[in-house]
Every structure is written in C-alpha cells, then in structure tokens.
Amino acid sequence: MSKEYLLKVKNLSCERNYKIIFNKLSFNLYPRNIVFIDGNNGSGKTTLLLCVSNILTYSGEVLIKKGIDNFGYVGHRNGLYDTQTVDSFLYFWKNIYNYKKSYHSILEYFNLSRFIDVPVSSLSFGQKKKLSFARLIMMKSKVWLLDEPISGLDKKTKKIILKLIQEHLSLGGGALATSHERLSYFDKKKVTRVKID
Amino acid sequence: MSKEYLLKVKNLSCERNYKIIFNKLSFNLYPRNIVFIDGNNGSGKTTLLLCVSNILTYSGEVLIKKGIDNFGYVGHRNGLYDTQTVDSFLYFWKNIYNYKKSYHSILEYFNLSRFIDVPVSSLSFGQKKKLSFARLIMMKSKVWLLDEPISGLDKKTKKIILKLIQEHLSLGGGALATSHERLSYFDKKKVTRVKID
Amino acid sequence: MLKYFHKYANPGKFLTLALPVRKIMGIVSIGVVTVGLIFALFLSPPDYQQKETVRIMYIHVPAAWMSLMIYAFIFFSSVVFLVWKFPLFLILAKESVTIGVIFTFTALLTGSLWGKPTWGTYWVWDARLTSFLVLFFIYLGLKLIMDSFSYSSKGDYAFGYLALIGGFNLPIIKFSVDWWNTLHQPASILRTGGISISSEMLIPLFLMAIGFLFLFIYILLVSVEINLKKRKIIYYKNKPDN
Amino acid sequence: MIKLFFLFLLKDFKSYLLDSNKSWFAISFFLLCVLIFPLTYGSSVDLLKKTAIASIWICALFSNLISLESLFKEDYQNGVLLQYRINKIPFSIIVITKCISHWVFTGLPIIFFSPFFLIFLSGSSSDALGLFFSLLFGTPLFSLLGMPIAALTLGATARGPLLIFLSIPFFLPIIIFGVLGVNSFNSGSYSEYYLLCAILSISIVILPYITIKILQESLK
Amino acid sequence: MIKLFFLFLLKDFKSYLLDSNKSWFAISFFLLCVLIFPLTYGSSVDLLKKTAIASIWICALFSNLISLESLFKEDYQNGVLLQYRINKIPFSIIVITKCISHWVFTGLPIIFFSPFFLIFLSGSSSDALGLFFSLLFGTPLFSLLGMPIAALTLGATARGPLLIFLSIPFFLPIIIFGVLGVNSFNSGSYSEYYLLCAILSISIVILPYITIKILQESLK
Ligand code: HEM
Ligand SMILES: Nc1ncnc2c1ncn2[C@@H]1O[C@H](COP(=O)(O)OP(=O)(O)OP(=O)(O)O)[C@@H](O)[C@H]1O
Ligand SMILES: Nc1ncnc2c1ncn2[C@@H]1O[C@H](COP(=O)(O)OP(=O)(O)OP(=O)(O)O)[C@@H](O)[C@H]1O
Ligand SMILES: [Mg+2]
Ligand SMILES: [Mg+2]
C-alpha cells in the first residue's frame with residue numbers, strides 16, 4: 001500500500017514574503033482517498049495547494065507518483081474569461097484536454113444547458129463555479145486540488161459536487177480539499193485530515 | 001409596527017438580458033429584523049439585492065424609510081484595490097464614512113492587526129472578506145445587504161460575523177442576507193424568509 | 001566552495017566581516033580622491049589639443065567606468081540571487097542602484113559639458129552616447145521597480161530579471177566605439193592592444209578611478225548595513241506572535 | 001458633499017502621487033516622445049523646428065489615450081464602483097474628481113513642460129504662448145471626451161473596435177484645431193481658440209453628466 | 001505538444017479576431033497616427049517627406065507600447081494563468097503563441113501597410129524596401145522585448161506607467177537603428193540591419209525563456 005501513493009508530502013515548509021506560513025507538514029495521498037486540509041482563515045490552506053502544485057517555492061519533499069503529470073484545480077479565482085461564452089469556454093478547454101466526448105452532457109449535469117450562449121460575465125457566482133467544475137471533469141486528472149469546492153453553492157449542487165468527487169475517488173483518483181464546511185459525506189476510512197495552524 | 005419598516009418591497013420583478021429573473025416578490029424589513037433570501041444558484045438572490053439598492057432597473061415598488069440614504073454591502077467582489085495596503089484601505093474608507101473612532105480596534109477584532117502594512121493582494125480569501133466587513137462596520141448604515149456573508153470563513157470568524165450582525169440588529173438596524181448555509185443563530189421571531197425559485 | 005559561499009552569504013556573518021572593510025574604505029577613499037583631485041586639477045599637464053578642458057576627463061572617465069562596473073556588479077548579483085536565492089546579493093544589487101544612478105548622471109553631465117568645446121555640441125545621437133543614455137534609463141527603471149511592489153517578494157524577482165535583461169546593454173556600450181565610427185573617443189586604456197596614454201595623465205586618472213571604486217564600496221556597505229538592520233526590525237514585527 | 005468632494009479629490013491625487021507611479025506617467029511618456037522625435041528625425045535641426053508643435057500635440061494625444069484605458073477599469077473590476085453605488089456616494093463626485101485628477105496629472109504637466117520641450121525641440125520660444133493656450137483648451141477636452149469613452153468600454157464584449165473608431169473622430173478635431181491654432185496665433189487670428197473654447201464649455205456641462213449615466217449603466 | 005501549440009495559437013488568433021477589439025487596435029492606432037502627422041504638419045509636403053519614415057516608426061513604437069499592457073493581464077487576473085500552471089500546460093507554448101499572435105496583429109499589419117503609408121506620407125516609394133526590412137526586423141523585437149517587461153510588471157502598483165517607463169530604454173535602440181537603417185539603406189550600407197538581425201536572433205533564443213521564468217515567478 002505504502003508504495004502506491006499518488007502524492008507523498010514530507011516535511012513541507014513554506015515561506016511567503018519572508019514569513020513562514022507552515023512548517024514541516026507531512027501526509028500521504030493514496031488512490032481512492034481524500035485529504036482534508038483544515039485550518040483557520042489565513043492559516044495557509046491555499047498556500048499548501050500551491051506548494052503541492054509546485055507554484056510556490058517550498059522546502060521539504062513533494063513526491064508525485066510517476067505518470068501523473070498534471071493536477072485538476074478549482075479555487076476562488078475561477079479562471080474564466082468574462083467575455084467568453086459558456087460554449088466557447090468549454091470548447092476551448094475540451095480541445096486543450098483532448099476530451100473526446102461532447103460536453104453537453106456535463107452542462108446538463110450541472111443544469112447549465114440554458115446558458116450555453118451566455119457570456120460568463122452574466123452568470124451568477126454559483127454558475128461560474130459550476131463551470132470551473134465542468135472544466136475539471138473534462139481534464140481527467142488523477143489528482144484534484146480543490147480549494148473550498150462547495151462554498152457558495154446551493155444544497156443540490158453541493159450534493160452533485162460531492163458525488164462527483166466520490167466518483168472520481170472510486171475510479172482510483174485522489175483529492176486534496178480545503179473546506180470550512182463539514183464534509184461528512186465521505187467514508188471515514190478514506191479520509192485523512194491535515195491540520196494547519 | 002407596519003409603519004416603521006426600514007424597507008418595503010412590493011411586487012418586485014426584475015428582468016436581466018430579456019429574461020425574467022423573479023416575479024412579484026413582496027416582503028418587509030423591520031428594524032431589529034433580518035430577511036433571508038433563499039434560492040438555488042442562479043435564482044436571483046444577488047439580483048434582488050442589486051434591485052433593492054436601485055442599481056438594476058426593476059418594476060414594482062421598493063420603499064425605503066425616510067432618512068436612510070445608504071446601504072452597507074458585502075458581496076462576492078470585495079471592492080478592494082489589490083495594491084493598497086490594509087492601512088491605507090481602512091484610512092480611505094474611514095474618511096469617506098466619516099468614522100470618528102480609530103479603526104485599530106476593528107482590526108484587532110478581526111485578528112488582522114499583524115497585516116496592517118500588507119498589500120491586499122497578499123491576504124488570504126477569508127482575510128479579504130474580513131476587511132470588507134471592517135468597512136461595513138465603519139459605515140454605520142442602518143440597512144445591510146449581505147451576499148453570502150459567511151461563505152469561505154472559518155468557524156470562529158463565522159461566529160464573529162454572526163455576532164456582529166446580531167449587534168447591528170439589536171441597535172435597531174436591519175439586514176437582507178443570502179446564504180447557502182444554515183443560519184440558525186438568530187431569533188426565529190426576527191427572521192423573515194423569502195424564497196426565490 | 002558553495003558551502004563557503006553560503007557562510008558569507010548569510011547577512012549576519014556578512015555584517016561582522018564587512019565592518020572593518022567599511023571603516024578602512026571610508027578613510028582611504030576620501031584620501032585617494034583628494035590626492036587624485038590635486039593631481040588632476042593642478043599637477044597634470046594640459047592637453048596640447050584640448051587645453052585645460054581635458055581636466056574634465058578625470059571625472060568623466062572614472063565616473064563612466066564606475067557606472068559600467070556598478071551595472072555589471074548589479075547584473076552578477078542579480079544572477080546569483082535568481083539562481084541561488086541568496087537574499088544578501090539582492091540587497092547588494094538594490095543598494096547599488098542609487099549609487100549607479102549618480103555616477104551615470106555625472107558621466108553624462110561631464111561628457112556633454114566636455115562635448116561642447118571638443119565636438120561643438122552638447123549631444124549627438126551616436127551609438128556610444130545613446131547606449132549610455134539607455135543605461136541611465138535602465139538604472140532609473142530599476143529604481144522605479146523597487147518601489148512598485150510594496151512589501152512583496154514579487155518585487156525582488158522583478159528587479160532581478162529586469163537587471164538581467166538590461167545586461168544586454170553593457171557590451172553595446174563598451175564596444176559601440178569599436179563597432180561604429182562614433183564621435184566619441186575609442187578606448188585607449190581598457191583595451192586589448194595595451195595602454196596608449198601618457199603616464200602623467202594616467203596616474204591621476206587611476207587615482208580617481210580607484211578612489212571612486214573605494215567610495216562606491218564604502219557607500220554600498222553603509223547602505224547595506226542600514227538595510228539589513230531595517231529588515232531585521234520588519235522581520236521581528238512580522239513574526240507571528242504565538 | 002463638499003467634504004466628500006475634496007476627500008475623493010485628495011484620494012485621487014494621492015493615488016497619483018504616493019501609491020503609484022501614475023504621476024510619472026505623463027512626464028515619462030512625454031520624455032519618451034521628446035526623445036524619440038529628435039532621435040528618429042536625426043540631427044536635422046530644421047526638421048525638428050517645423051515639427052515641434054505637432055510632435056508635442058501628438059505626445060499629448062497619446063499620453064491621454066493611454067492613460068484613459070485604466071480610468072475606471074480597476075474600480076469597476078474589483079467592485080469598488082459597485083460599493084460606491086450601493087453606499088449611495090454620488091457618482092457626480094467620483095466622475096468630476098476623476099476628471100480633474102486625470103487632467104491635473106496628464107494635461108497639466110504637459111502644458112507646464114511644453115514650453116521647455118518646444119525650446120528643446122525647435123530651439124525657439126516664439127510659439128510658446130500659442131502652444132500654451134492651445135494645450136490649455138485642448139487637454140481638458142481630451143480628459144472630458146475620454147471619460148465617457150472609457151466608461152463605455154467597461155465590461156464590453158465587442159464594443160471595442162467601434163469604440164476606437166468612435167474616439168478617433170472626437171480626438172482628431174481637437175488636435176487639428178490645436179495645431180492650426182498655434183500656427184495662426186502669431187498672425188493674430190484666434191478663431192481656432194474660440195472654437196476650442198466653445199467645445200470645451202459645452203463639454204464641461206454635458207460630458208460628466210453623460211459619463212455618470214454610462215457608469216450607472218455599466219453596473220447593470 | 002504540437003497540437004497544443006496550434007490550439008493556443010488558434011485561440012490567441014481567435015481572441016484577436018473575434019472576441020475583442022485587440023486586432024483592430026494596432027491598425028486603428030496606426031491609422032490615427034498616419035492621419036495625425038499630415039494633419040498636424042499642415043500642407044508642407046516637404047516636411048512630410050522627410051519625416052515619413054520616422055513617423056511610421058514612431059507609430060509602430062506606440063501601437064506596440066499600448067498593446068503591451070494587456071498582453072498577460074487578463075490571464076493573470078482571472079486566474080487562467082494559474083490554471084495553466086497547475087494543469088502543467090507548458091508555459092513555453094503560452095509565451096511563444098502569445099508572442100507570435102501579438103506580432104501578427106500589431107507588427108505584421110504595420111509592416112504590411114507601411115509602404116502605402118510611406119507613399120501616402122512622402123509621395124515616393126524609394127525607401128519602401130528599406131522601411132519594409134527595418135520593420136521586419138524591428139517589430140518582432142518590440143514584441144519580444146515587450147513580453148518580459150509586461151510579465152515583470154504584473155501585480156505592480158500603477159502598472160501602466162511603470163511598463164512604459166521600463167520599455168523605453170529597450171525600445172529606444174531599436175527605433176534608432178531602424179530609422180538609421182532606412183536612411184543608409186539606399187546608400188548600400190546595411191550595418192544597422194545586421195545589428196538588428198543579431199539582436200533579434202539573440203532575443204528569439206533568450207527572451208521567451210526569461211519570460212517563462214518571470215511568469216512563473218509572477219504567480220507566487
Ligand atoms: C554625454 C556624452 C558622453 C558620454 C555619455 C560618454 C560616455 C563614456 C563612457 C560610457 C565611457 C567608458 C567607456 C569604456 O570604458 O570603454 C567613456 C570613456 C571616455 N570618454 Fe566619454 N562620454 C561622453 C562624452 C565624451 C567627450 C566629449 C569626450 C572627449 C572628447 C569623452 C572622452 C572619453 C574618454 C577619453 C574616455 C576614456 C576611454 C578609454 O580610454 O577607455 N567622452 N565615455
Ligand atoms: N500572494 C501572497 N503573497 C504573500 N503572502 C500571501 C499571499 N497570499 C496569502 N498570503 C499570506 O499567506 C498566509 C496564508 O494564506 P492562504 O491564502 O494560504 O490562507 P488560507 O488558509 O487559504 O485562508 P482562507 O481560508 O482565508 O482562504 C496568509 O497569512 C496570507 O497573509
Ligand atoms: N450581469 C448579468 N447580466 C445578465 N444576467 C445576469 C447577470 N448576472 C447574473 N445574471 C443572470 O441572472 C440570474 C440570477 O443571477 P444571480 O447572480 O442573482 O443569482 P444568485 O441567486 O445570486 O446565485 P448564486 O447563489 O450562484 O450567487 C442568473 O440566471 C444569471 O444567469
Ligand atoms: Mg484559501
Ligand atoms: Mg449571488
């Protein structure tokens with residue numbers, strides 16, 4: 001078991017603007033498992049995700065399983081062009097990720113089909129977030145980095161997202177998630193909690 | 001009682017991009033009371049707040065108590081300049097709102113004192129949100145419009161914010177809030193629920 | 001080697017090491033510049049062509065050399081910072097900028113004052129002068145970018161990379177006189193074919209150059225010391241209170 | 001209200017002076033221009049002399065055009081404009097202070113430095129007074145005309161191309177009358193100045209009002 | 001990898017052609033310039049003739065300067081750049097396609113239209129070939145040099161002015177050598193062209209690489 005980790009974080013420390021954000025964190029992410037990162041506002045959850053994806057410089061080790069060469073990400077900034085329409089947004093990323101199927105079923109799934117010709121700037125907050133999940137689905141990455149995936153979503157959508165993550169896990173993927181809401185949805189055995197203070 | 005409303009909304013309908021978002025909403029906001037706007041993503045909660053503050057064109061009536069000539073607002077877009085430091089941000093709004101006291105106690109309250117010289121762009125999501133609440137406090141408006149006030153905040157901060165709203169209500173103010181999280185904090189008798197679908 | 005480097009790239013170590021150097025440089029530089037000035041203004045002969053105006057040379061040439069040298073120093077410090085991330089080198093580079101601006105301005109000013117009697121004009125747009133003016137602007141740009149990222153380490157990298165990109169200008173300045181026929185004098189001292197200038201002029205010139213160099217080192221060390229001490233204050237202020 | 005006005009003016013001024021290098025903008029751009037013209041025209045003094053006024057006007061136009069883009073953009077994007085609106089801070093104050101500070105930091109430095117640049121470029125100061133007056137009437141017009149255009153571009157999907165072509169016809173007459181005005185100033189004919197003045201006074205009355213309306217619309 | 005390259009190129013081209021005003025920007029700016037020069041220089045044909053080349057170069061410089069600001073800004077602000085990085089989409093592709101599309105929509109139209117403008121301004125086409133070559137070597141340099149500077153200033157206070165101030169020193173030599181090159185082209189001396197070529201070839205190798213590094217740094 002210990003050999004087939006997706007992600008192995010050992011003694012990770014990070015400094016931003018000459019301030020130490022966290023010190024010597026260690027945890028592993030195994031397939032079919034999810035790691036919850038817990039901590040107060042400003043404790044460094046987002047920073048941790050950025051360290052794992054090698055955007056910030058850190059000290060310590062982040063080992064990624066061979067063959068995994070990208071991460072899926074959903075965060076506060078959605079990565080949407082305001083002037084793009086939903087359709088052209090999805091079409092662009094579909095091509096980038098080489099997603100073969102049609103994305104209309106995804107839109108259906110998120111209840112966004114009506115908005116296919118609407119520019120992103122006229123979507124509501126939750127709808128934008130759903131769009132960035134649509135991109136995540138098309139990407140088919142093994143490891144998902146989710147920065148407060150369900151904040152600002154309604155109950156139904158929350159459930160959809162949690163089911164989505166569950167499915168992703170059941171297919172052998174893993175996820176690193178932060179959230180201020182209780183996520184009691186997942187099997188306790190599959191959950192690792194990491195506390196930052 | 002019926003005469004001393006802060007806000008009286010009657011048959012409010014709103015159209016955006018030639019689509020009707022909601023139709024004939026009516027509710028009253030009394031002092032010391034809070035109105036919760038409930039609805040799924042994209043149902044028009046944010047739109048309703050914008051109608052009430054007369055930014056969008058609407059049909060129907062929005063009556064505001066005489067003497068109330070401004071609203072406090074906290075929403076998804078924080079209204080912060082990325083390059084401003086926390087100090088200069090607070091100083092600017094303090095002057096605009098003619099807030100006489102020092103804002104250092106507010107910073108203390110939100111546990112942000114350490115960040116006084118930090119530019120807003122290097123704050124975490126929650127810290128930015130707290131800053132926009134700091135502005136709200138300085139404004140001393142009777143009516144608060146809160147668009148998902150506690151999403152993305154940690155437990156302790158959520159409590160602080162709820163207490164803040166409670167205090168505001170107990171001083172005779174009123175609030176219009178949207179949220180996807182349960183807000184069972186308030187006295188049931190003081191809460192009006194408005195459902196949009 | 002790198003380990004040794006690491007030891008002295010440590011700001012604290014650097015300060016203790018630099019203190020005696022700073023004190024010596026302070027005294028020596030003032031002495032050398034004074035002697036150099038006496039030589040340059042009174043003891044050296046006037047040029048047979050340019051008469052007394054040649055004395056501008058003793059300011060102009062060392063100042064021009066210094067501005068090129070300081071930029072080279074900034075360039076290499078920035079590279080070291082970008083590659084190995086030693087913060088000390090960033091501080092060294094940043095503190096050199098203001099001194100560089102002053103030397104560059106001096107060289108520009110004396111050069112154009114000298115140009116009037118010798119070339120008949122204050123300014124021409126030839127390769128040497130233009131590229132040197134560009135150097136001046138790059139210095140100013142470095143100065144500007146230092147203030148444009150308040151309290152953020154992002155600015156450090158912006159500074160480093162700008163210094164890196166600006167480095168292309170140095171060889172252009174240096175070799176502009178060889179590659180194009182410009183009005184400006186080609187190199188007569190720092191060149192491959194050996195020195196071609198009389199020793200009576202060479203001595204004060206070198207005295208001034210060495211004096212300027214020491215002066216630069218002195219000012220740099222002082223400002224680095226101030227910077228490090230200020231940084232410590234900020235560091236303690238920002239330390240998370242447990 | 002008046003207090004608020006001065007507050008915003010102060011804030012805009014401060015944001016030009018302290019927070020940022022905005023105040024350098026006009027000057028640095030001007031420096032660039034003034035360098036570029038002699039650089040590219042070579043050492044032909046004659047040429048420089050003749051083109052000096054036009055060059056200065058072109059610089060004025062460009063530095064205005066460039067700084068216009070960011071006039072309301074940041075406030076709009078980060079939600080500050082929305083905040084003002086909900087807080088019922090009158091947009092008139094915001095628009096007027098923005099206009100004034102924009103002019104003070106792009107137009108005024110240009111006006112102030114233009115005589116020096118004129119001398120630097122052309123070597124004579126005979127046109128300095130004419131240039132001064134033409135810029136004095138022309139640059140506020142740039143700021144005033146630019147404002148509604150800048151407000152229009154906020155959140156535009158494809159309004160852009162239209163927009164630039166819209167702004168050209170507005171800016172061109174100013175620059176033409178400005179340059180013509182200088183040329184005929186020494187011969188004692190001021191008709192271009194009167195015209196600029198007339199446009200200016202109409203603009204001062206109408207354009208801020210239109211800008212306010214456009215800004216309110218942009219938040220919808 | 002190659003597929004991704006063409007995808008991004010296509011996307012950038014599309015974003016220039018369809019979504020926004022970007023593609024019109026350079027041309028319309030150019031148009032504005034070319035209109036302004038004859039208008040401001042009055043009817044002096046002689047003057048126009050002599051300044052034609054320099055004017056065209058100045059326009060090229062300005063339209064490049066102006067379009068630089070938006071080069072990486074949107075991607076940076078809305079988080080798309082972060083998304084690319086986390087998805088491990090190579091920044092080399094993004095930078096190179098951005099550079100190519102920037103040049104195709106600012107440099108290329110200028111090169112293409114410059115002979116017409118030259119004839120329009122100076123009435124003769126004798127310098128057209130020289131101008132063509134000098135712009136051919138010079139405008140890619142504008143794009144290449146502008147890229148790292150645009151990336152450097154992401155997240156800076158008062159980015160626009162800073163950007164312009166920082167690009168001045170790097171753009172100056174290009175415009176000087178460009179104009180000098182045209183002037184000496186007909187006399188058979190090509191030294192400026194060789195120099196531009198040399199700088200260009202070095203830049204093509206080094207600058208995209210530096211830009212990638214800077215962009216990665218900007219996300220920190
Ligand atoms: C504003 C105008 C001028 C500028 C920007 C300028 C710039 C420079 C620079 C950068 C150097 C150092 C070059 C090197 O180390 O290879 C230098 C050296 C020198 N300059 Fe100038 N200069 C100017 C005007 C003049 C004038 C008018 C004269 C005298 C006719 C002059 C004479 C010299 C001499 C003799 C050297 C030393 C060259 C050597 O021996 O290596 N310069 N100048
Ligand atoms: N871009 C940045 N540059 C420098 N420091 C930053 C930056 N972003 C955040 N920080 C600092 O790093 C610390 C951790 O920030 P981070 O965004 O990781 O917090 P977080 O745990 O995600 O909080 P939240 O729950 O509010 O999102 C904070 O103290 C913040 O001030
Ligand atoms: N700027 C806009 N222009 C046009 N239509 C818009 C605009 N913003 C939102 N809409 C549309 O109006 C409807 C309501 O949006 P609104 O933002 O009010 O939803 P919401 O209830 O706040 O949702 P959420 O919980 O996701 O924030 C949505 O269907 C959306 O597509
Ligand atoms: Mg976070
Ligand atoms: Mg909403």
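Protein chains get the first letters and strands the later ones, always in sequence-line order, with residue 1 at the start of each. This is a predicted model, so every value here is computed, not measured.
- Other residues, nucleotides and ligands contribute at most 12 non-hydrogen atoms within 6.0 Å of the OH atom of B:Y91.
- Contact of B:K19 with chain A is made through the side chain alone, with heavy-atom distances under 4.5 Å.
- In this structure, chain A has a heavy atom under 4.5 Å from the side chain of B:N17, while its backbone stays farther away.
- Looking only at heavy-atom pairs under 4.5 Å with chain A, the residue among B:K130, B:K129, B:H76 that has the most is B:H76.
- Among the candidates B:T178, B:T157, B:L153, the residue making the largest number of heavy-atom pairs closer than 4.5 Å to chain A is B:L153.
- Counting non-hydrogen atoms of other residues, nucleotides and ligands closer than 6.0 Å to CG of B:N111 gives a total of 12 or fewer.
- Residue-environment remark: NZ (B:K195) exceeds the threshold of 12 foreign heavy atoms within 6.0 Å.
- Remark: A:K94 NZ is packed, more than 12 non-hydrogen atoms of other residues, nucleotides or ligands lying under 6.0 Å away.
- The salt bridge (charged side-chain N to carboxylate O under 4.0 Å, His left out) pairs that include a residue from residues 149-165 of chain B are B:K158-B:E181, where partners are two or more places apart or lie in different chains.
- Interface check for chain B: of the options A:S43, A:G42, A:S151, A:S122, the most heavy-atom pairs under 4.5 Å are formed by A:G42.
- Side chain of B:N41 to backbone of A:G152: a donor-acceptor contact under 3.5 angstrom is found.
- Heavy atoms of B:T46 lying under 4.5 Å from chain A are absent altogether.
- The neighbour count for B:K101 NZ, taken as heavy atoms of other residues, nucleotides or ligands under 6.0 Å away, does not exceed 12.
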